[in-house]
Amino acid sequence: MEQLLSLFFDYKEAIFIIALSVFLGIEVISNVPAVLHTPLMSGANAISGVIIIGGIILVGHADLSRFSVELILGVLALFFGTLNVVGGFAVTDRMLEMFKKKKPTKTN
Amino acid sequence: MESTILQTIPSALATGDILLELSYLVSALLFVFGLKKLSHPETARNGNLWAAAGMLLAMITTALLHKNADGETIKLTNLLVIVLAILVGAVVGWIMSHRVKMTAMPQLVSLFNATGGAASALVGLLEYPNAVAGNYGSIAVTVLGLVIGAVAFSGSIIAYGKLDGKVKDLRLSALTYINLLMLVAVVVVSVLLVISTQPPSDMMWAIWVLFAIALVYGVLFVMPIGGADMPVVISLLNALTGIAATMAGFIYQNQAMILGGIFVGAAGMILTLLMCKAMNRSLIKVIIGNFGGGGVGVDKEVGEMKEISASDASILLNYSQKVVIIPGYGLAVAQAQHIVHELDQLLESKGVDVRYAIHPVAGRMPGHMNVLLAEADVPYDKLVEMDDINPDMPNVDVAVVIGANDVVNPAASEDPSSPIFGMPIIGAHFAKNVIVLKRGAGKGYAGIENHLFYNEKTRMYYGNAKDSLQKLVAEIKNM
């Protein structure tokens with residue numbers, strides 16, 4: 001029990017962030033019209049490509065003096081992350097472009 | 001003034017570190033702001049760009065300012081490798097997203113989700129040897145990032161295959177138990193890794209085994225799921241990728257990753273639950289995948305299906321006042337979105353009131369029909385959600401069902417023995433007449449008999465949706 005409590009204390013900032021972010025996520029998404037479910041999912045998908053930051057850190061501090069499997073996998077991670085981010089935002093933009101070109105007669 | 005502030009901060013913290021953290025704060029806020037704007041039709045496109053700007057900011061500041069444990073920034077040669085990898089990824093991603101046909105959109109979103117999961121899994125795999133045995137927290141997040149990322153990756157690849165028609169649903173009653181077993185294996189190996197007292201570099205075999213099991217589990221978990229459950233699973237996989245990114249964020253104590261990831265995870269979970277609610281099914285049931293499995297559908301036929309010719313159908317439509325079109329996955333498969341819009345404009349020009357009734361889980365991803373019809377320039381105020389159209393259905397002269405089945409099956413509200421009992425449906429059977437466009441006389445995805453097709457008021461119009469609609473348009477034009 002004591003260990004558990006100290007674990008909480010060590011990670012208190014992170015736990016605060018998580019708890020509040022979950023509520024924020026729920027708050028932002030609730031009451032979204034069905035029209036926007038697909039672009040919203042696609043946009044959120046692009047944001048989850050934030051793993052790309054991890055890829056940058058990984059490759060950034062990798063040892064480039066010798067060839068290794070780790071290096072290849074790291075570069076691959078970076079490549080995949082970029083695909084997620086760039087592809088995700090671009091495809092979302094394309095979807096939303098279709099919604100935009102019409103003038104809606106009423107909004108909700 | 002600034003220098004005095006900086007001097008009071010321990011010397012280990014340089015301006016660069018402060019700027020980096022500040023940029024992460026800005027990025028995180030841009031994600032939240034962007035997603036918020038994405039949830040309103042008017043501001044959605046801007047919102048997407050704001051979120052993208054947040055991502056770009058975090059990428060640039062990380063590349064320029066990040067320091068490792070020894071306080072070294074990223075070297076120029078490494079920076080070159082990073083820029084090159086990103087450049088290649090960006091070009092490929094851009095081309096893919098611009099070449100794709102709008103009808104193939106669900107597949108592509110799924111594929112991009114897979115790449116995000118793969119990146120998280122790889123980061124976990126590569127950071128594991130750097131973890132310290134006994135530090136439960138740090139090993140746990142590494143292992144979790146790896147497992148969740150791997151499941152999201154292989155699961156999304158299978159989802160991609162299914163949406164693209166390359167992978168068929170696989171339903172074996174044994175699969176439920178195999179999946180349960182796999183899940184237990186994942187948990188056991190994960191726990192072993194976390195509590196192991198051996199240095200992680202000696203446990204590499206175990207992390208590779210875990211990686212392999214997680215990949216296989218992802219495949220098996222999506223394999224039996226299909227049809228109307230697809231939007232749920234796509235959304236769930238999306239949430240998983242976000243959670244995996246959060247776990248990786250903990251490895252680096254990186255606030256942008258933690259916040260961005262968990263935010264997407266929470267949003268994805270909510271969307272998943274919304275989809276479940278739209279089908280009146282629990283998430284557990286979707287995952288176990290007992291939808292129509294084992295032939296529960298009672299095959300008591302009620303009468304015969306009656307066919308209608310193109311000319312009779314066009315006469316019926318032409319002399320109606322109110323027509324409601326109910327699209328389903330068949331519309332997407334036949335790529336008939338443009339021709340259906342042509343039909344709707346033609347009828348409108350003859351004074352017929354035409355609207356579209358959109359079921360929340362029609363199609364293969366959340367909001368699939370909306371995107372499809374938007375591509376064909378159907379104004380979005382003509383798309384009416386299920387709850388809004390249902391009270392008006394008895395006043396509708398003709399309900400035109402195009403490639404939809406389970407979402408208009410009255411058994412969902414009338415037959416307690418039906419596997420889909422309790423799922424809210426669009427009340428097509430309340431309309432005065434029903435025309436069903438269907439490829440053949442077979443059953444829908446769930447293998448459940450649809451009593452709507454045998455209804456007195458219903459006429460079946462067989463054929464590929466696109467060809468059938470073209471014939472209708474031609475007939476009505478000649479009137």
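Just the heavy atoms: all of them, side chains too, but no hydrogens, waters or symmetry mates, feed the values below. Per chain, numbering begins at 1; letters A, B, ... match sequence-line order.
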Between [X] (side chain) and [Y] (backbone), is there a donor-acceptor pair under 3.5 Å?
X	Y	answer
B/H359	B/V361	yes
B/T142	B/G124	no
A/S21	B/L259	no

Name the option with the most non-hydrogen atom pairs under 4.5 Å to chain A; the candidates are [options].
options	value
B/A376, B/A52, B/A266, B/G260	B/A52
B/N48, B/I95, B/T62	B/N48
B/G93, B/P129, B/G268, B/A118	B/G93
B/A256, B/G363, B/G242, B/S120	B/S120
B/G261, B/G137, B/P231	B/G137
B/L111, B/L87, B/N78	B/N78

- Query: Do A/K12 and A/F9 meet the cation-pi criteria used here (NZ or CZ under 6.0 Å from the six-membered ring centre, within 45° of the axis)?
  - Reply: yes
Please rank [options] by heavy-atom pairs under 4.5 Å with chain B and give me the top one.
options	answer
A/V86, A/V28, A/L83	A/L83
A/V75, A/V69, A/I26	A/I26
A/I53, A/V85, A/L24	A/I53
A/I57, A/L40, A/I17, A/V22	A/I57
A/G74, A/G81, A/A62	A/A62
A/L78, A/T92, A/D93	A/D93

Do the side chains of [Y] and [X] get nearer than 4.5 Å, heavy atoms only?
X	Y	value
B/T246	B/M257	no
B/N370	B/I358	yes
B/M105	A/M95	yes
B/P360	B/M386	yes

With a 4.5 angstrom heavy-atom cut-off, which part of [X] approaches chain A: side chain, backbone, both or neither?
X	value
B/I270	side chain
B/V91	neither
B/I251	neither
B/Y252	side chain
B/N254	side chain
B/L35	both
B/S27	neither
B/F33	neither
B/L125	side chain
B/D70	neither
B/L274	side chain
B/M369	neither

For [X] versus [Y], what's the shortest heavy-atom pair and its separation?
X	Y	value
B/M55	B/F31	N-CE2, 3.6 Å
A/T82	B/I86	CG2-O, 3.2 Å
B/V371	A/P39	CG2-CD, 4.3 Å
A/L36	A/L96	CD2-CD2, 4.1 Å
A/I56	B/I82	O-CD1, 3.5 Å

Chain B heavy atoms under 4.5 Å from [X]: which part of the residue, side chain, backbone, both or neither?
X	result
A/V59	both
A/I52	side chain
A/A46	backbone
A/L64	side chain
A/L71	neither

- Does the ring-ring contact (aromatic ring centres under 6.0 Å, His included) test come out yes or no for A/H37 and B/H368, once each step is laid out? CA-CA 8 Å; A/H37 278 166; B/H368 191 177; over 10 Å; no
- Item | Identified side chain to side chain contact (heavy atoms under 4.5 Å, CB included) counterpart of A/M41 within the set B/L271, B/L38, B/T272 | B/L271
- Can you list the steps and then say if B/S156 with B/N113 is a side-chain hydrogen bond (donor to acceptor under 3.5 Å, both in side chains)? CA-CA 7 Å; B/S156 298; B/N113 194 47; 3.1 Å; yes
- Message: Does B/E72 have more than 12 heavy atoms from other residues, nucleotides or ligands lying within 6.0 Å of its CD?
- Response: yes
